[in-house]
Amino acid sequence: TQTTRPQRMLAAVQKNATRGDPRSVVKAIDQFCRQKEWAMNVGDEKGCILDSVVTEVNPETVLELGTYCGYSTVRIASLLPPQAKLITLEFNPGNAAIARQVIAWAGLEDKVELVEGASGDFIPKMKEMFGIKTFDLVFLDHWKDRYLPDTKLMEECGLLRKGSILLADNVICPGTPDYLEYIRNSPRYKSQFFKSHLEYTKVEDGLEKSIFLG
Ligand SMILES: C[S@@+](CC[C@H](N)C(=O)[O-])C[C@H]1O[C@@H](n2cnc3c(N)ncnc32)[C@H](O)[C@@H]1O
Ligand SMILES: O=C(c1ccccc1)c1ccc(O)c(O)c1[N+](=O)[O-]
Ligand SMILES: [Mg+2]
């Protein structure tokens with residue numbers, strides 16, 4: 001019977017990566033996506049920009065919207081300080097099942113809380129479920145038409161504090177025009193664009209980093 005792309009990606013991790021070594025997991029997935037099958041992980045070029053933002057922010061609390069197979073989850077979690085927590089939301093059960101195994105292979109399950117469900121349903125529950133007051137860093141990488149509504153929802157739920165950082169993938173390709181228009185024109189945010197390329201391709205893309213001003 002036919003396997004799914006996430007299942008084939010996990011097999012590549014289990015074959016080529018070393019248990020407990022996050023960098024080898026990232027490398028195995030990037031090699032799979034370059035040599036075998038394109039997949040919508042943030043990838044290595046944008047991943048390096050993600051790494052630099054995570055390192056700079058040094059967050060205690062991180063929210064990731066869109067887990068897929070856990071590639072960016074592993075990149076982020078491997079850079080977090082000891083007590084820090086990364087909550088990642090994924091509403092596709094098949095993807096969530098694979099991501100759990102990829103995160104476990106990297107040995108990062110203690111730093112990651114994978115919630116299987118839709119961002120719109122779970123963002124309002126973050127405080128009660130995890131005792132989270134606010135997020136220091138949010139990585140937006142789910143369906144692109146959800147970036148703006150979920151950002152407004154996080155504002156309304158008081159999940160952002162003065163200095164919280166939003167980092168949004170794909171603001172060029174596939175593009176998030178309504179989110180960009182909002183975040184770049186709002187007096188409540190200061191934004192910066194990081195030019196890059198769509199993962200594993202030469203197509204133009206980039207990340208938008210925005211600081212919530214309170
Ligand atoms: C581009 S993939 C995430 C890639 C991942 N961040 C990485 O770089 O490895 C987008 C994922 O978001 C999930 N997704 C889309 N909309 C969602 C939502 N509203 N709530 C939760 N998950 C969502 C999809 O099922 C898909 O697995
Ligand atoms: O939307 C797509 C997409 C559209 C069409 C076909 C495949 C993927 C996509 C492409 C690159 C991304 O980095 C990404 O996060 C996504 N996504 O689904 O969220
Ligand atoms: Mg993306």
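Whatever order the structure lists them in is the order used to number ligands and atoms, beginning at 1.
- Note on ligand 1: G117 sits in its first shell, one or more heavy atoms being nearer than 4.0 Å.
- Set against the non-hydrogen atoms of H142, the atoms of ligand 1 under 4.0 Å away are 12 (O), 14 (N), 15 (C), 16 (N), 17 (C), 18 (C), 19 (N), 23 (C).
- When the heavy atoms of M40, K144, E90 are ranked by distance to atom 11 (C) of ligand 1, first place goes to E90.
- The residue from R146, K144, E199 that puts a heavy atom closest to atom 17 (N) of ligand 2 is K144.
- Note that CG of N16 is 11.0 Å distant from CD1 of I29, once rounded to the nearest 0.5 Å.
- Using 4.0 Å as the threshold, T88 has no heavy atom nearer than that to any atom of ligand 1.
- Interface of W143 with ligand 1, defined as ligand atoms under 4.0 Å from a residue heavy atom, comprises 10 (C), 15 (C), 16 (N), 24 (C), 26 (C).
- What sits closest to atom 3 (C) of ligand 2 on the protein, heavy atoms only, is P174 CG, 4.4 Å.
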N41 vs C33, test: side-chain contact (heavy atoms from CB on, under 4.5 Å). Steps then yes/no. CA-CA 9 Å; N41 320 111; C33 292; 3.2 Å; yes
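- By the rule that hydrophobic residues join a cluster once side-chain heavy atoms approach within less than 4.5 Å of another member, V62 and L159 end up as members of separate clusters.
- Protein heavy atom in closest approach to atom 7 (C) of ligand 1: S72 OG, 3.0 Å.
- A cation-pi arrangement is not found for K15 relative to F32, the charged atom failing to lie both closer than 6.0 Å to the ring centre and inside a 45° cone about the ring normal.
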